[in-house]
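In what follows, every heavy atom counts, from backbone to side chain, and hydrogens, waters and symmetry copies are set aside. Since the structure is predicted, the reported quantities are computational estimates derived from the model, not experimental observations.
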Amino acid sequence: MGSLRSRGRHEIDEIEQLSRESSHFSLSTGILPSLGARSNRRIKLKRFVVSPYNHKYRIWEAFLVVLVVYTAWVSPFEFGFLRKPRPPLSITDNIVNGFFAIDIIMTFFVGYLDKSTYLLVDDRKMIAFKYLRSWFVLDLISTIPSEVAMKISSQSYGLFNMLRLWRVRRVGALFARLEKDRNFNYFWVRCAKLVCVTIFAVHCAACFYYLIAARHHDPAKTWIGASNANFHDESLWMRYVTSMYWSITTLTTVGYGDLHPVNTKEMIFDIFYMLFNLGLTAYLIGNMTNLVVHGTSRTRNFRDTIQAASNFARRNHLPPRLQDQMLAHLCLKYRTDSEGLQQQETLDALPKAIRSSISHFLFYSLMDKVYLFRGVSNDLLFQLVSEMKAEYFPPKEDVILQNEAPTDFYILVNGTADLVVQDGGTENAVKEVKAGDIIGEIGVLCYKPQLFTVRTKRLCQLLRMNRTTFLNIIQANVGDGTIIMNNLLQHLKEMNDPVMASVLLETENMLAKGKLDLPINLFFAAMREDDLLLHQLLKRGQDPNESDNNGRTPLHIAASKGSLNCVLHLLEYHADPNCRDAEGNIPLWEAMVEGHEKIVKVLLEHGATIEAGDVGHFACTAAEQGNLKLLKEIVRHGGDVTRPRATGTSALHAAVCEGNIEMVKYLLEQGADVNKQDMHNWTAKDLADQQGHEEIKALFREKNNERTHIESSASVPILKTARRFLGRGTSEPNIRPPSREVSFRITETRPRRKTNNFDNSLFGILASQNVQKNGLATVDESRVVNQVRVTISCKEKDEVAVKLVLLPGSFKELLELGSSKCGIVAARVMSKDQNMAEIDDVDVIRDGDHLIFATDSSQS
């Protein structure tokens, strides 16, 4: 089931071309594109092996069918009317036998379709083995010339020719193939088959009946001799016409006139022939009745449906355009039913596992490219694909109406459509959507009326997803819901459209208030520096130590972004300040790299330590950036900058490669070992020698002189090759500073996540809430839910010293709290968020406000 990949008119034309090459492809290439619209490609077979669906081979088979028709007429004729070969029939027979002999040889090189796997077999040994054990013997015997057969055996001329009727099976296979080919009318193919069967039966009966009379010992006592005693002297054509006349009158039960059975043999033959005619007549009448009834009943139902729709439209005075849409949709449904393309009905009849596998095969590659689902896990994408419903829409039909309720969104598989906006009674097409685009997602995710009318421009196939089903799936994949919402907001921002800008603003406001049904997590709030949303999510019980695939937590992101309020909220809910990601980074290091001093101070106050991270990696990063200040910050916070990375490279190696003398001096002062080797067995002295840093070499010599416990005669290894050492090339590669972008935003080149962890699911959140209710939480939940949290600081002192506290119940208690926390006699309270406006009542203070305490002598 593509996804799809197969989305344009070019590939549909390619399918049409391939369908003309073989009836096999014609089964799946009707007037509508196949489900998923995947292009049927030619199969490359082994050398000298021909595909049975090859266009040229099909022409050869059609030519052989013409020869089979000749054989079907001439074999009974020669059996009944000729006693020995007679030119030109005998010459023509041998020529026809030669063509069938060529076909025998060619069959050894024609692949076949394995009935168990439905795959083309191109192994010549298997092809030969299959042909030898099936029809090879009969095909070979039927090509032996009659003259040779008469010399080998004593059989009569015509009796051996009857073996060639074995070839008639090709005509049956031809009609079976034509009945399935959409390029031929089924009714007329069936009628042609019935006519051929009737003529062949009449012809054979005439030849056999004449043979009985011709071989009788008394020609006068035969059915033909009774009316013409000298019938042997008549022309061959006259005798054949007379036999055909008798056969047809007997088949149609018109009755016997001058031609009737005379002797016993003829009577016995007539009895069996008329019994055969009973079955043949019933077969003909039954088939013709079924063909007529089947065709007329389907057409009658269609006409009744169209008539009912027309009456409904006229009775309710519907506008002409709406009437046309109704009739176009009913006609499209009739076409799909009549051509056997009831795709959704077929899928619904299958078990869920098979249905999901088919949908995954057809549509996974298409949905993988939709912008809304970039970065989500494979699990979520598989679940969404399984719930998608494929639908067809004719041209000029409305798929979504502007301002209608957002119940569904669609993904365009093939075709094109217009986004139409109605303004003052006029309609304007603002954008054209093509295969792979998603429509209606803004209304569904933001839960607002649809912004556009989506109108098809030509025949379109779309995948429909119900909003309720979509949200139910997202509820069990909270982390993916965050990614989807982030993709939507990013898309709205990139559109640079005033309407979309207002939608973006409204959506962000609803997110901050927690009024959207789409589940989001702490990563989303931290990335957007939305401390109010973060606070709401934490109060709902989300885990502050939740991590993504790289081990990064919301605290990593908040510290890197410099969002002080987000950091305070996370720490208040016991986020681990020393959590490490996959690269050994900790929140303290993220804040240090970005220069967020307030964040650094807050983290240190809550127990963060630089030693919790990969200090060797931090030191090397600072050295590679040439950031001496950052290196000193690591030492000031207790980090050992002489510690190497896991690869053995130390900050001293990186500083020597960069030629940074000041940094080398500082590292030597911190006790860095100049003789310590990295993973390539290079020491800092070796690097200085190879790069010719004379000043650094002089520093190393002074260091060696000071350290008497190290041998002064230590030799420098000599390179055996003339290859010049290139700093970062042979030592550790330059490590870029951590990006300010959030790591969970996955790009298109990054592989999708394998699965979501338990804490990232809805069940993990519920379990976390259950733990709190059982008294295992470390936070007083009643106080968290009911109290307002504010950030306080003092104007007389350093505003870096901020604290997150619960808002007291009265203004007096608030002043007392400020006096105790700031160590002053607080007389006034001002709001930093409201341009230092003075506050005189706690009721005007909102959750998340920043309050500044001051004395009477302070200036505003």
Side-chain angles (χ1 to χ4, degrees), residues 508-515 522 525-526 528-542 544 554-555 558 561-575 577 598-599 601-603 605-607 769 772-773 775 777-856 858 860:
E508 290 178 337
N509 292 335
M510 293 180 68
L511 278 173
K513 298 176 182 179
K515 293 184 178 181
L522 299 175
R528 303 185 63 82
E529 302 182 55
D530 193 338
D531 57 312
L532 295 179
L533 177 60
L534 184 76
H535 192 196
Q536 292 289 337
L537 296 175
L538 288 170
K539 287 196 295 185
R540 293 178 188 177
Q542 290 203 18
L555 190 57
K561 287 283 188 178
S563 179
L564 179 59
N565 288 338
C566 289
V567 172
L568 292 173
H569 284 312
L570 289 168
L571 293 174
E572 182 71 17
Y573 280 85
H574 300 279
K598 294 182 180 180
I599 305 294
K601 187 173 182 179
V602 170
L603 289 172
E605 290 176 353
H606 286 79
Q769 293 176 339
Q772 290 184 350
K773 292 179 181 179
T778 59
V779 180
D780 186 350
E781 186 176 355
S782 63
R783 296 178 66 236
V784 169
V785 174
N786 298 324
Q787 296 292 333
V788 176
R789 299 172 183 274
V790 295
T791 304
I792 63 173
S793 62
C794 180
K795 188 166 183 61
E796 279 75 14
K797 296 189 177 182
D798 187 6
E799 284 191 15
V800 174
V802 297
K803 293 182 175 60
L804 182 67
V805 297
L806 295 175
L807 182 67
S810 65
F811 188 73
K812 181 179 178 181
E813 293 176 350
L814 177 61
L815 291 176
E816 293 176 353
L817 177 64
S819 300
S820 61
K821 294 291 185 181
C822 298
I824 63 173
V825 180
R828 291 185 300 156
V829 182
M830 294 170 289
S831 174
K832 184 178 181 181
D833 302 319
Q834 300 296 329
N835 297 323
M836 304 300 291
E838 186 172 350
I839 299 173
D840 57 3
D841 193 348
V842 294
D843 292 337
V844 300
I845 301 176
R846 298 173 302 177
D847 188 22
D849 281 352
H850 188 164
L851 306 182
I852 299 178
F853 291 88
T855 62
D856 285 332
S858 300
S860 299

Legend entry - Leu817 side chain near Phe853 side chain, heavy-atom distance below 4.5 Å: no
Inset, instruction - Give the minimum heavy-atom separation between Ile852 and Cys794, together with the two atoms involved. - result: CG2-C, 4.4 Å
Inset, instruction - Please report the shortest heavy-atom distance between Leu538 and Pro544, naming the atom on each side. - result: CD2-CB, 4.0 Å
Inset, instruction - Indicate the atoms forming the closest heavy-atom contact of His606 with Pro577, along with that distance. - result: O-CG, 3.5 Å
Inset, instruction - Look up atom CG in Leu603 and atom CG in Leu555, then write down how far apart they are to the nearest 0.5 Å. - result: 6.0 Å
Legend entry - From NZ (Lys598) to OG (Ser563), nearest 0.5 Å: 12.0 Å
Inset, instruction - Measure the spacing between NZ of Lys832 and CG of Leu851 and express it to the nearest 0.5 Å. - result: 11.5 Å
Inset, instruction - Identify the residue among Leu534, Thr791, Asp849 that makes a side-chain contact (heavy atoms from CB on, under 4.5 Å) with Asn565. - result: Thr791
Inset, instruction - Supply the atom-to-atom distance His850 NE2 to Ile845 CD1, rounded to the nearest 0.5 angstrom. - result: 12.0 Å
Legend entry - Value rounded to 0.5 Å, distance of CG in Asp841 from OG in Ser810: 10.0 Å
